[in-house]
Amino acid sequence: MYGSAFMTEAFRQASLALGKTSPNPSVGCVIVNKHARTVGIGHTQCRGGPHAEVMAIRDAAMGNHDLFGATAYVTLEPCSHHGRTPPCCDALIAAGIKKVVASVADPNPLVAGRGFERLRAAGIEVVVGPGAAESRELNIGFFSRMIRNTPWVRMKMAASLDGKTALMNGESQWITGEAARADGHAWRARSGAILTGIGTVLEDNPRLDVRLEEMPRQPHVVVVDSQLQTPLDALLFIADRPRYIYAAERNDEKKAALEARGATIIYMPGTNGKVDLSAMLRDLAAREINELHVEAGHKLNGSLIREGLVDELLVYLAPRFLGTAQGMATFGPLERLSDALELEFAETAAIGKDLFIRARVRGRDQF
């Protein structure tokens, strides 16, 4: 791979930004001077903060390094438009960079190759391609939102080895161990929003925030609540972050009460008195949610799977059997095995005493 050592460091920088840059992508940059020495590194900061290229330029300036004739390795095309920050292309041009090696074009229609054009017009050599697959995977939610107009939907489930997520009386805390719960919080942390259903809110009263690691921001919280049954004293109101409640049936009095608690109520009726889940995902994309982390019960899980809206599963399996109990997702019954949801194992690992499986719905990442 061209410049692999430098691009590898750029990706290490990008990984440091995961969970902190939403709705912007996580990007890393390494600047190498004309003597092939690294003089500046950086990654994208929190929303509204400097991008990776600017951070790397600042890092080089702190060391009094001359960047004339230098090469910048960056994991995504430098932006060319004024958004929350000025264009990164202008910063690279002003710094005297002579070459930019970028992994992949930015899928944002406001950029989409214009950054490369701007750099070339300024006489900068541009090389595109090293680490393209890695860059896309690192920011799959951003690519999904820009190309499909929907977030990347990642469903997390903790279950016994026989696939049960709760006893028939609703008891579910805790099936898996502490290490698995901590890993689940790490996945929460990188998401733009956490989705659950009203059944889970009423039964478990979850906070749906990230508590097991330091966070510069909390993911937004989303509740599918067809009849606006969310209690005004629900724990999900504790954390200071946007809260979206999607409903199917109008109840303006309850709507006003929930809005007074800081929630945004969106009426999005579908069929049979239920929320239109597909329209909800498009609406969340319009609200700049890249990755949607689902922690719900078997009914909402089943609805999302049945409607083909799930991209990836995070499954934590505990070494125990629960027998007659609630399952991971309720949908079907299917009449043919060929109708089953086809998955591809992307990752397996032992986490504490539990088994972790990350499985991707076959073909969902082909966009």
Side-chain angles (χ1 to χ4, degrees), residues 19 22 137 140-141 144-145 148 150-161 163-166 172 174-176 180-201 203-204 206 208-210 219-225 236 244 246 274-285 289-318 326-332 334 340-349 351 354-365 367:
S22 181
E137 183 66 26
I140 194 163
S144 175
R145 178 166 68 90
R148 302 191 304 179
T150 184
W152 181 258
V153 179
R154 190 177 283 120
M155 179 177 287
K156 178 254 184 181
M157 295 176 284
S160 60
L161 193 57
K164 308 302 181 181
T165 60
S172 62
W174 301 100
I175 291 176
T176 53
R181 294 197 296 275
D183 191 70
H185 269 251
W187 285 100
R188 277 188 185 184
R190 67 169 285 171
S191 68
I194 302 171
L195 170 72
T196 197
I198 185 58
T200 299
V201 172
E203 291 177 12
D204 297 339
L208 296 176
D209 57 0
V210 180
H220 301 185
V221 65
V222 182
V223 181
V224 177
D225 181 5
L236 60 85
Y244 305 117
Y246 288 86
K274 302 295 184 181
V275 170
D276 186 333
L277 298 176
S278 181
M280 178 191 71
L281 293 184
R282 293 192 297 272
D283 186 68
L284 288 171
I289 301 300
N290 293 332
E291 296 184 9
L292 182 64
H293 181 87
V294 180
E295 293 194 23
H298 61 99
K299 292 181 181 179
L300 180 54
N301 285 349
S303 295
L304 289 165
I305 290 173
R306 182 176 57 252
E307 295 187 28
L309 302 177
V310 178
D311 298 307
E312 193 167 52
L313 301 176
L314 308 174
V315 183
Y316 299 86
L317 294 176
Q326 298 178 21
M328 296 185 192
T330 300
F331 64 98
L334 305 179
L341 181 68
E342 294 291 338
L343 305 170
E344 297 175 340
F345 291 130
E347 180 183 358
T348 60
I351 298 182
D354 303 311
L355 174 65
F356 170 68
I357 300 171
R358 182 167 64 90
R360 185 160 290 179
V361 178
R362 184 170 295 174
R364 292 292 290 183
D365 55 358
F367 54 83

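Side-chain atoms are counted along with the backbone in the values below, which use heavy atoms only and exclude waters and symmetry mates.
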D283 and Y244 side chains, donor-acceptor separation under 3.5 Å: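 There is no such pair (donor and acceptor under 3.5 Å, judged by atom type) between the side chains of Y244 and D283.
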Considering all heavy atoms of both residues, which atom of [X] and which atom of [Y] are nearest to each other, and what is their separation?
| X | Y | value |
| --- | --- | --- |
| R188 | D209 | NH1-O, 2.6 Å |
| I305 | A329 | CD1-CB, 3.8 Å |
| V361 | V310 | CG2-O, 3.3 Å |
| A318 | D354 | CA-OD1, 3.2 Å |
| S22 | G192 | OG-CA, 4.1 Å |
| L208 | I194 | O-CD1, 3.4 Å |

Once you round to the nearest 0.5 Å, how far does [atom1] of [X] lie from [atom2] of [Y]?
| X | Y | atom1 | atom2 | answer |
| --- | --- | --- | --- | --- |
| I289 | H220 | CD1 | NE2 | 5.0 Å |
| E295 | L195 | CD | CG | 10.0 Å |
| E291 | W152 | CD | CH2 | 9.5 Å |
| I351 | D183 | CD1 | CG | 3.5 Å |
| L292 | T150 | CG | OG1 | 8.0 Å |
| L300 | D225 | CG | CG | 11.5 Å |

Considering residues at least two apart in sequence or located in another chain, which fulfil the salt bridge (Lys or Arg N to Asp or Glu O under 4.0 Å) criterion with [X]?
| X | result |
| --- | --- |
| E307 | none |
| E312 | R154, R358, R360 |
| D311 | R148, R364 |

Output all residues satisfying side-chain hydrogen bond (donor to acceptor under 3.5 Å, both in side chains) with [X], sequence neighbours left out; order by chain, then residue number.
| X | answer |
| --- | --- |
| E203 | none |
| N290 | R145 |
| S278 | R282 |
| R306 | S303 |

Please test V222 against Y246 for side chain to side chain contact (heavy atoms under 4.5 Å, CB included), starting from the C-alpha separation and ending with a verdict. CA-CA 8 Å; V222 182; Y246 288 86; 3.7 Å; yes
Below 4.5 Å, heavy atoms only, C-beta onward: do N301 and M155 meet side chain to side chain? yes
Give me each pair satisfying ring-ring contact (aromatic ring centres under 6.0 Å, His included) with a member in residues 295-316, each pair once, sequence neighbours excluded. Y316-F356
Carefully, step by step, assess M157 and L313 under the rule side chain to side chain contact (heavy atoms under 4.5 Å, CB included). CA-CA 8 Å; M157 295 176 284; L313 301 176; 4.0 Å; yes
Sorted by chain and number, sequence neighbours left out, ring pair (Phe, Tyr, Trp, His ring centres under 6.0 Å) with H293 holds for none
With sequence neighbours left out, the residues meeting side-chain contact (heavy atoms from CB on, under 4.5 Å) with A159 are T165, L317, M328
Under the rule for side-chain contact (heavy atoms from CB on, under 4.5 Å), what residues qualify as partners of T200, not counting sequence neighbours?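 For T200 the side-chain contact (heavy atoms from CB on, under 4.5 Å) partners, ignoring immediate neighbours, are T196, D204, P206.
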Check step by step if side chain to side chain contact (heavy atoms under 4.5 Å, CB included) holds for L236 and V201. CA-CA 8 Å; L236 60 85; V201 172; 4.0 Å; yes
